[in-house]
Amino acid sequence: MSSVKWSTLILQAQSQVVNLSASSCYVPHFSSMRYLNYGAAVSEVEVNLLTGETIILQSDILYGCGQSLNPAVDLGQIEGDFVQGIGFFMLEEYLTNSDRLVVTEGTWTYKIPTIDTIPK
């Protein structure tokens with residue numbers, strides 16, 4: 001399989017009106033709005049169209065936590081949350097109701113991301 005330049009791929013997607021983004025919005029209960037933090041992540045993912053296998057090539061995370069008391073702890077929490085999200089969205093089968101809310105109540109089927117799953 002030959003390599004494709006990123007700019008060529010983006011131009012092709014744009015000309016074919018392909019949406020290359022995914023987003024989500026979480027609205028917390030009013031009582032928990034005293035402690036909010038914000039973040040965004042973007043990942044470059046290789047997908048094998050024949051087998052469905054995915055490889056996360058690179059991820060960039062932007063996170064606003066205010067004034068950090070301990071940057072090393074914050075970094076560990078941010079990276080850990082990201083890896084947990086990979087496990088949740090890519091390795092588990094989670095069920096939703098008609099309003100698209102997750103109804104899975106536990107983590108019995110949780111598959112822990114491995115060193116081969118997380119970005120290199």
Side-chain angles (χ1 to χ4, degrees):
M1 177 179 236
S2 63
S3 179
V4 177
K5 284 188 174 182
W6 180 252
S7 58
T8 303
L9 184 64
I10 296 303
L11 286 173
Q12 185 178 5
Q14 182 183 18
S15 70
Q16 295 179 11
V17 193
V18 175
N19 182 0
L20 298 176
S21 68
S23 63
S24 177
C25 181
Y26 170 70
V27 180
H29 187 270
F30 180 75
S31 63
S32 68
M33 294 184 78
R34 292 185 213 129
Y35 178 73
L36 290 180
N37 46 52
Y38 300 92
V42 62
S43 296
E44 181 181 350
V45 181
E46 188 175 275
V47 180
N48 184 320
L49 298 177
L50 298 176
T51 65
E53 177 187 14
T54 58
I55 299 172
I56 302 174
L57 302 173
Q58 175 182 326
S59 294
D60 295 312
I61 303 170
L62 180 66
Y63 187 83
C65 62
Q67 185 167 346
S68 176
L69 296 176
N70 186 331
V73 170
D74 292 339
L75 183 60
Q77 289 292 313
I78 294 163
E79 290 176 345
D81 290 343
F82 182 77
V83 171
Q84 184 178 15
I86 290 171
F88 182 71
F89 287 107
M90 295 185 72
L91 302 176
E92 290 184 53
E93 179 181 359
Y94 58 98
L95 305 175
T96 59
N97 63 16
S98 60
D99 294 326
R100 295 180 47 178
L101 297 173
V102 176
V103 295
T104 305
E105 293 186 17
T107 57
W108 289 104
T109 60
Y110 183 69
K111 296 172 184 69
I112 298 170
T114 65
I115 193 71
D116 295 330
T117 309
I118 61 175
K120 305 210 174 345

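The analysis underlying the following values was restricted to heavy atoms, covering all of them including side chains, and did not include hydrogens, waters or symmetry mates.
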As an exercise, state the distance from CD1 of Ile118 to CZ of Phe82, rounded to the nearest 0.5 Å.
9.5 Å
Anything under 3.5 Å between a donor and an acceptor, one on a side chain of residues 49-57, the other on a protein residue two or more places apart or in another chain? List them.
from	atom 1	to	atom 2	distance (Å)
Thr51	OG1	Asn48	ND2	3.4
Thr51	OG1	Glu53	N	3.2

Counting only heavy atoms not in Leu69, do more than 12 fall under 6.0 Å of its CG?
no
Connected via hydrophobic side-chain network under 4.5 Å: Leu62 and Val42
no
Are the side chains of Glu79 and Val83 in contact, using a 4.5 Å heavy-atom criterion?
no
pair Ile10-Leu20: side-chain heavy atoms closer than 4.5 Å
yes
If you define the side chain from C-beta out and look only at heavy atoms, does anything of Leu101 sit under 4.5 Å from Thr96?
no
Taking C-beta and beyond as the side chain, do Ser43 and Ile86 meet within less than 4.5 Å on heavy atoms?
no
Common cluster, Trp6/Val18, ILVMFWY with side-chain heavy-atom separation under 4.5 Å:
yes
